[in-house]
S.K.: 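Please find one structure pasted underneath; my questions will follow.
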Amino acid sequence: MAISKSVNNNKKHHHHHHHQCYISVPSEIINSLSSNSLQSLLLSPKKSAASASKTRSKVLKNPTTWFLFLFLCGFFLMLKMWYNFDPFSPNPCGIITQKDSSGLISNGVSISQIKTEEKDEEMNGFWKQPDGFGYRPCLDFSQDYKKSSVEILKDRTKYLVVVVSGGINQQRNQIVDAVVIARILGAALVVPILQVNVIWGDESEFSDIFDVDHFKEALADDVRIISSLPSNHLMSRPVEEKHTPLHVSPQWIRSRYLKRMKREGVLLLRGLDSRLSKDLPSDLQKLRCKVAFHALRFAPPIRELGNKLTERMRSKGPYLALHLRMEKDVWVRTGCLPGLSREYDEIIHNERKRHPELLTSRSNMTYHDRKLAGLCPLNALEVTRLLKALGVPKTGRIFWAGGNPLGGPDTLLPLVREFPHFYNKEDLGLAEELEPFADKASIMAAIDYIVSENSDVFMASHGGNMGHAIQGHRAYAGHKKTITPNKRQMLSYFLNTSLHESEFNKIILGLHRDSMGQPELRTSKAGRDVTKFPIPECMRNDSSY
């Protein structure tokens, strides 16, 4: 449910009429005021106008009064400059402490730095950002959560070992849930083990991709994270759970694992993908945000290269990041056809016939039905028409992320012809910069993530873990423009060849007015992931109070 600006403004206006703000002044300053100055603050309105005027004159001439006035002005100005502090804001919520402030939106260039460097004239039209309605990060954990943290962090009897699988963004989701499960069980979490990716042959470990020290430090108040099991547990055989159902509750986890964990000391979990419910108590939802947006920071070499490529994209103005999902395995898994030629359609059809287990869902639907239902990735021609309709200038710079598309570079020709400033990491990076990561699919995906996260506008041609993760990250960063293609409604117009281009563009633009990254409440649809829709658990604005 997109949030109405008028409703927010009305709430905010109403709130300010009833909110009182008290300013605390040090007692030394109060004592230094003369009795006349204090008396002037207590004058009754029944006093004569002459008396009041005379007293006001004395106050205005008193140097101590002027000193106090200048002191307060300077004090609040200093706070405003240093901390972006607004003394009259009713939002006391803050999560950025000295300990973990460096983790906020930490994978690339800081958001404030980006915004101060942008020229106003460049940010109009297509580049204009949505109204974030004042929402900002707010992880205000309850007092009960903080009290229970003391015992949880002291515990030395329970240890959780997790093995996470899949691509990097699938692994990120499982790591987030692993931390939350460790918290639910009151156990220490051993730094997660990344299963070797059989598709890409990537043997990267956690420390190759993520900043381990930062991960531990950022979560130091929530879960004890250790690099390896203590020596007295190394020889013990952990209890292994292989069949956790989907979307289990914290109560299920405690009832299933806690006794065994206390008895054996170590619990081993595999395949955590979608095992933990998306609807958790408020504190655990906030913890999920803290892990996703603060603790999981990429390792320094990855951040360094990602930031370099970001700067190269940004050097000549704003840019769009486009996550293209046109790899062979994507077409096979979605049950869709690339539409390139009969030859390529046949390749996908035969692959799916040999491996029917790869099809993710709805096997009873035809390709045409899937397409009209919005379940298929957009191909290059469809992406080109969509971007033109949305107003991307021909001179616009586009960074495209993703694996090599089926059909090779020629598949992207419709995009390149329409938008010649079209780059990926191989175009932007020097050979010696990329060479150390050449055989590391997860690290190459992490570089794509950083450049996409930092873009002025982001769009994915199909959903998926990376698109969802970046959408949530950009929402948490202040609702940076993120376009969600309205495939279900727009594809019938793509098939209508009688529509004039100007009419087509007008219709497509209309269908996407509310799909540009505006604040959207997670509660509008049960089961939505809080790391994709961080409102209301992880973000607040003035009207939330």
Side-chain angles (χ1 to χ4, degrees), residues 165-170 197-202 273-274 321-387 398-418 422 424-426 441-442 444-445 448-449 452 458-471 483-495:
S165 57
I168 183 173
N169 293 291
Q170 198 173 353
N197 194 304
V198 293
I199 296 176
W200 298 290
D202 191 339
D273 201 21
S274 298
L322 188 60
H323 186 211
L324 295 175
R325 305 297 314 281
M326 299 193 296
E327 303 96 319
K328 178 181 176 181
D329 68 297
V330 174
W331 296 116
V332 172
R333 286 187 291 104
T334 56
C336 300
L337 297 175
L340 298 171
S341 68
R342 181 170 292 183
E343 177 192 353
Y344 283 112
D345 286 354
E346 196 66 28
I347 290 171
I348 297 301
H349 178 73
N350 291 336
E351 187 75 15
R352 197 177 300 126
K353 204 171 179 179
R354 283 194 298 270
H355 302 283
E357 72 280 2
L358 294 177
L359 188 61
T360 50
S361 63
R362 306 195 194 188
S363 56
N364 60 330
M365 294 178 72
T366 66
Y367 158 66
H368 187 70
D369 289 340
R370 286 174 181 276
K371 186 81 171 172
L372 290 179
L375 299 174
C376 292
L378 298 175
N379 61 35
L381 182 58
E382 290 162 344
V383 171
T384 304
R385 294 187 70 192
L386 175 58
L387 294 181
I398 297 178
F399 173 82
W400 73 273
N404 293 324
L406 177 68
D410 288 351
T411 307
L412 302 176
L413 282 177
L415 274 161
V416 178
R417 287 183 184 129
E418 188 63 38
F422 192 76
N424 67 358
K425 55 187 173 293
E426 282 80 12
S442 293
M444 296 297 260
D448 275 345
Y449 190 107
S452 297
F458 172 76
M459 188 183 91
S461 65
H462 191 55
N465 291 312
M466 179 167 167
H468 293 167
I470 292 177
Q471 176 180 333
I483 299 167
T484 304
N486 191 341
K487 291 186 286 185
R488 185 187 293 271
Q489 288 187 278
M490 74 182 187
L491 281 171
S492 60
Y493 297 104
F494 277 79
L495 298 173

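In this text, all values refer to a predicted model and were calculated from it rather than measured experimentally.
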S.K.: Just verifying a value: how many Å separate M444 CE and N424 CG, rounded to the nearest 0.5 Å?
M.R.: 9.0 Å
S.K.: Backbone N or O of C336 within a donor-acceptor pair of the R352 side chain at under 3.5 Å?
M.R.: yes
S.K.: Provide the closest heavy-atom pair for A469 versus Y449 in the form atom of the first, atom of the second, distance.
M.R.: O-OH, 3.5 Å
S.K.: More than 12 non-hydrogen atoms from neighbouring residues, nucleotides or ligands closer than 6.0 Å to CZ on R342, yes or no?
M.R.: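 No, the 6.0 Å shell around CZ holds no more than 12 heavy atoms from other groups.
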S.K.: What pair of heavy atoms forms the shortest contact from W331 to M326, and how long is it?
M.R.: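 W331 and M326 have their closest heavy atoms at NE1-O, 3.1 Å.
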S.K.: Does D448 use its side chain to pair, donor to acceptor, with the backbone of G402 at less than 3.5 Å?
M.R.: yes
S.K.: Under a 3.5 Å distance rule, please check whether R488 uses its side chain to pair with a backbone N or O of G374 as donor and acceptor.
M.R.: no
S.K.: Do T384 and R417 have side chains that get closer than 4.5 Å, going by heavy atoms?
M.R.: no
S.K.: Report yes or no: does D273 contribute a side-chain atom to a donor-acceptor pair with the main-chain N or O of Q170 at less than 3.5 Å?
M.R.: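 No, the answer is negative, given that no donor and acceptor are paired below the 3.5 Å cut-off.
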S.K.: Could you walk me through whether R333 and E327 pass the side-chain contact (heavy atoms from CB on, under 4.5 Å) check?
M.R.: CA-CA 10 Å; R333 286 187 291 104; E327 303 96 319; over 6 Å; no
S.K.: Quick one, K328 and P338 - any side-chain contact, counting heavy atoms below 4.5 Å?
M.R.: no
S.K.: Say you draw a straight line from SG of C376 to CG of L337; how long is it, rounded to the nearest 0.5 Å?
M.R.: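 Here the interatomic distance stands at 7.5 Å.
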S.K.: Check whether any side-chain heavy atom of R325 sits under 4.5 Å from a side-chain heavy atom of L378, and report yes or no.
M.R.: no
S.K.: Between G335 and R370, what is the shortest heavy-atom contact and its length?
M.R.: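 Minimum heavy-atom separation between G335 and R370: O-CD, 3.3 Å.
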S.K.: At what distance, to the nearest 0.5 angstrom, does CG of N350 lie from CG of D345?
M.R.: 11.0 Å
S.K.: Let me have the donor-acceptor pairs involving side chains of residues 403-410, under 3.5 Å, with sequence neighbours excluded, atom names and distances please.
M.R.:
none

S.K.: With a cut-off of 6.0 Å (strictly less than), are more than 12 heavy atoms of other residues, nucleotides or ligands near OH of Y493?
M.R.: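 Not buried by this count: 12 neighbours or fewer within 6.0 Å.
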S.K.: Within this structure, what is the CG-OG1 distance for the pair L372 and T366, rounded to the nearest 0.5 Å?
M.R.: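 These two atoms lie 8.5 Å from each other.
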S.K.: Does E382 reach the main-chain N or O of N379 with its side chain, forming a donor-acceptor pair under 3.5 Å?
M.R.: yes
S.K.: Could you tell me whether the side chain of I483 reaches within less than 4.5 Å of the side chain of L386, counting heavy atoms only?
M.R.: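 The answer is no; the side chains never approach within 4.5 Å.
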S.K.: Please give me the minimum heavy-atom distance between P485 and M490, naming the atom from each residue.
M.R.: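 What the structure gives for the nearest pair is CB-CE, 4.3 Å.
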S.K.: Side-chain contact, heavy-atom cut-off 4.5 Å: L375 with T334?
M.R.: no
S.K.: Could you pull out the closest heavy-atom pair between A373 and M365, with the gap in Å?
M.R.: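 Smallest interatomic distance, heavy atoms only, reads CB-CE, 4.1 Å.
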S.K.: I need the full list of side-chain hydrogen bond (donor to acceptor under 3.5 Å, both in side chains) pairs touching residues 458-471, with sequence neighbours left out, sorted by first then second residue.
M.R.: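 Matches after skipping sequence neighbours: N173-N465, H462-K487, H468-K532.
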S.K.: Determine whether M459 and V383 satisfy the following criterion, side-chain contact (heavy atoms from CB on, under 4.5 Å), listing intermediate values before the conclusion.
M.R.: CA-CA 10 Å; M459 188 183 91; V383 171; 4.2 Å; yes
S.K.: To the nearest 0.5 Å, how far apart are NE2 in H368 and NZ in K371?
M.R.: 10.5 Å
S.K.: Closest approach of L324 and L412, non-hydrogen atoms and distance?
M.R.: CD1-CD2, 3.8 Å
S.K.: Calculate, to the nearest 0.5 Å, the distance between atoms CZ and CG belonging to F422 and L415 respectively.
M.R.: 4.5 Å
S.K.: Quick check: do M466 and H323 have side-chain heavy atoms less than 4.5 Å from each other?
M.R.: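 M466 reaches H323 side chain to side chain.
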